[in-house]
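Data first, discussion second: the structure below is written as structure tokens.
Throughout, a chain's letter reflects where its sequence line sits, starting with A, and its residues are numbered from 1.
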2 protein chains.
Amino acid sequence: MNQLKEALETLKETGVRITPQRHAILEYLINSMSHPTADDIYKALEGKFPNMSVATVYNNLRVFREVGLVKELTYGDASARFDFVTTHHYHVICENCGKIVDFHYPGLDEVEQLASHVTGFKVNNHRLEIYGTCPECTSKEVH
Amino acid sequence: MNQLKEALETLKETGVRITPQRHAILEYLINSMSHPTADDIYKALEGKFPNMSVATVYNNLRVFREVGLVKELTYGDASARFDFVTTHHYHVICENCGKIVDFHYPGLDEVEQLASHVTGFKVNNHRLEIYGTCPECTSKEVH
DNA sequence: TAAACTAATTATAACAATTATAATTTAAGA
DNA sequence: TCTTAAATTATAATTGTTATAATTAGTTTA
């Protein structure tokens with residue numbers, strides 16, 4: 001439960017100051033349920049913080065990433081997207097409209113182990129993305 | 001075998017003209033065994049094509065991607081990397097030095113199926129990356 | 001509480017990767 | 001060989017992101 005509270009606790013523990021901007025960015029990330037870009041966040045908080053700089057958004061997203069609260073997702077053509085870290089999950093991405101849907105799937109630990117064994121890497125984590133066409137885009141397709 | 005020949009065949013079949021630049025870019029991609037950036041390719045072919053524009057490299061990488069010969073890999077901080085499509089494989093990436101090692105692992109087809117079932121997506125393909133520290137970087141670590 | 005210090009924010013400029021544009025050149029079929 | 005459409009080039013523009021310096025705001029200490 002209360003992810004925001006836990007996130008703020010993490011910031012306190014790691015000695016990162018809690019500013020109104022950081023609070024708002026975290027809150028937005030947690031509540032949005034989407035995978036917003038830095039600019040999405042910037043625009044969404046424009047009303048609350050008319051003077052906030054876009055650099056603040058980027059800076060804080062980097063800070064959040066460094067303390068493990070946020071994951072940065074990059075795709076070919078668009079700008080980076082940011083995902084609040086909850087449980088381990090993967091993404092199913094529509095190649096037509098860009099929609100990203102979370103997908104829970106347990107246990108690719110064995111892949112990490114095998115990769116480590118074969119390559120000699122010290123493996124930390126992994127990332128899996130599945131590409132396709134979402135139901136909405138499929139139904140709009142011309143036959 | 002002869003991947004270049006097959007690739008050129010693919011271009012012919014899809015009605016894409018075979019130009020000296022395209023030939024050279026494909027050849028470089030196949031032989032390099034690395035995962036070059038557009039600029040890597042541009043620099044590597046400078047000697048052969050002193051007048052080639054960097055736009056040509058980007059244009060053709062896009063063309064190759066569109067006909068399925070090339071995959072574009074994007075990571076957080078660096079520029080896109082391009083990977084000649086051979087058999088399905090994944091990447092093990094060193095978070096310290098950026099090295100990318102290919103890693104063969106069969107059968108994540110079930111993940112695709114499950115993702116499709118759960119989300120209703122028409123799934124085309126997937127991408128898996130494993131992050132860690134390579135043996136060289138691990139041995140250089142300060143203890 | 002006030003002063004001093006450190007970190008965060010802002011505004012702006014710079015940068016780097018990529019894409020768009022228009023003119024020129026080239027490949028491939030008639 | 002001529003024609004036409006496509007590819008390449010050179011260049012400019014765009015966009016996402018980062019760096020810089022000045023200002024502001026939290027925190028700590030006296």
Check nucleotides 21-28 of chain C against the protein and report each pair of N or O atoms closer than 3.5 Å, with its distance, or say if there are none.
none

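Computed from coordinates, the A:Glu46 CD to C:dT9 C1' distance equals 16 Å when rounded to whole Å. Counting to the nearest Å, the P atom of C:dA17 and the CD atom of B:Glu72 are 14 Å from each other. In this structure, A:Ile25 places its CD1 atom 11 Å from C1' of C:dA8, rounding to the nearest Å. Going from atom CG of A:Leu45 over to atom P of C:dA8 covers 18 Å, rounded to whole Å. Rounded to an integer number of Å, the gap from CG of B:Asp39 to P of C:dT19 is 14 Å. Distance NE2 (A:His23) to P (D:dG26): 13 Å, rounded to an integer number of Å. Atom-to-atom, CZ of B:Arg81 to C1' of C:dA16 comes out at 15 Å; the value is rounded to the nearest Å. Rounded to whole Å, the distance from CG on A:Leu61 to P on C:dA8 is 15 Å.
Side-chain contact between A:Lys5 and A:Glu9 is absent, with no heavy atoms from C-beta onward closer than 4.5 Å. Counting heavy atoms from C-beta on, the side chains of B:Val85 and B:Leu69 never come closer than 4.5 Å. Under the 4.5 Å side-chain criterion, counting only non-hydrogen atoms from C-beta, A:Thr86 is not in contact with A:Asp102.
A single hydrophobic cluster is seen to contain both B:Phe103 and A:Ile130, as judged by linkage of ILVMFWY side chains at heavy-atom distances under 4.5 Å, directly or through other members.
Scanning all heavy atoms of the two residues, the minimum distance from B:His88 to B:His104 falls at O-ND1, 3.9 Å.
Contacts of B:Arg22 classified as side chain to side chain donor-acceptor pair (under 3.5 Å), with partners at least two apart in sequence or in another chain: B:Asn60.
In summary, the side chains of B:Asp40 and B:Thr37 do present a donor paired with an acceptor at a separation below 3.5 Å, with no hydrogens or angles considered.
For B:Arg62 and C:dT18, the shortest distance from a side-chain N or O to OP1 or OP2 is not below 4.0 Å. Residue B:Thr56 places at least one side-chain N or O closer than 4.0 Å to OP1 or OP2 of D:dT9.
For A:Tyr58, the listed nucleotide lying nearest its side chain is D:dT17; candidates were C:dT10, D:dT9, D:dT17.
Comparing the start and finish of the helix from C:dT1-D:dA30 to C:dA30-D:dT1, five pairs each, the helix axis swings through 30°, to the nearest 10 degrees.
Checked by atom type and distance alone, the side chain of B:Ser116 never pairs as donor or acceptor with a backbone atom of B:Val123 at under 3.5 Å.
When each of B:Val54 and B:Arg22 is assigned the nucleotide of DNA chain D bearing its nearest heavy atom, the one mapping closer to the 5' terminus is B:Arg22.
Ring orientation note: the planes of A:Tyr90 and A:His126 are tilted relative to one another, at an angle of 30° to 60°.
In this structure, A:Asn60 reaches the sugar-phosphate backbone alone: every heavy-atom distance under 4.0 Å involves primed, P, OP1 or OP2 atoms, never a base.
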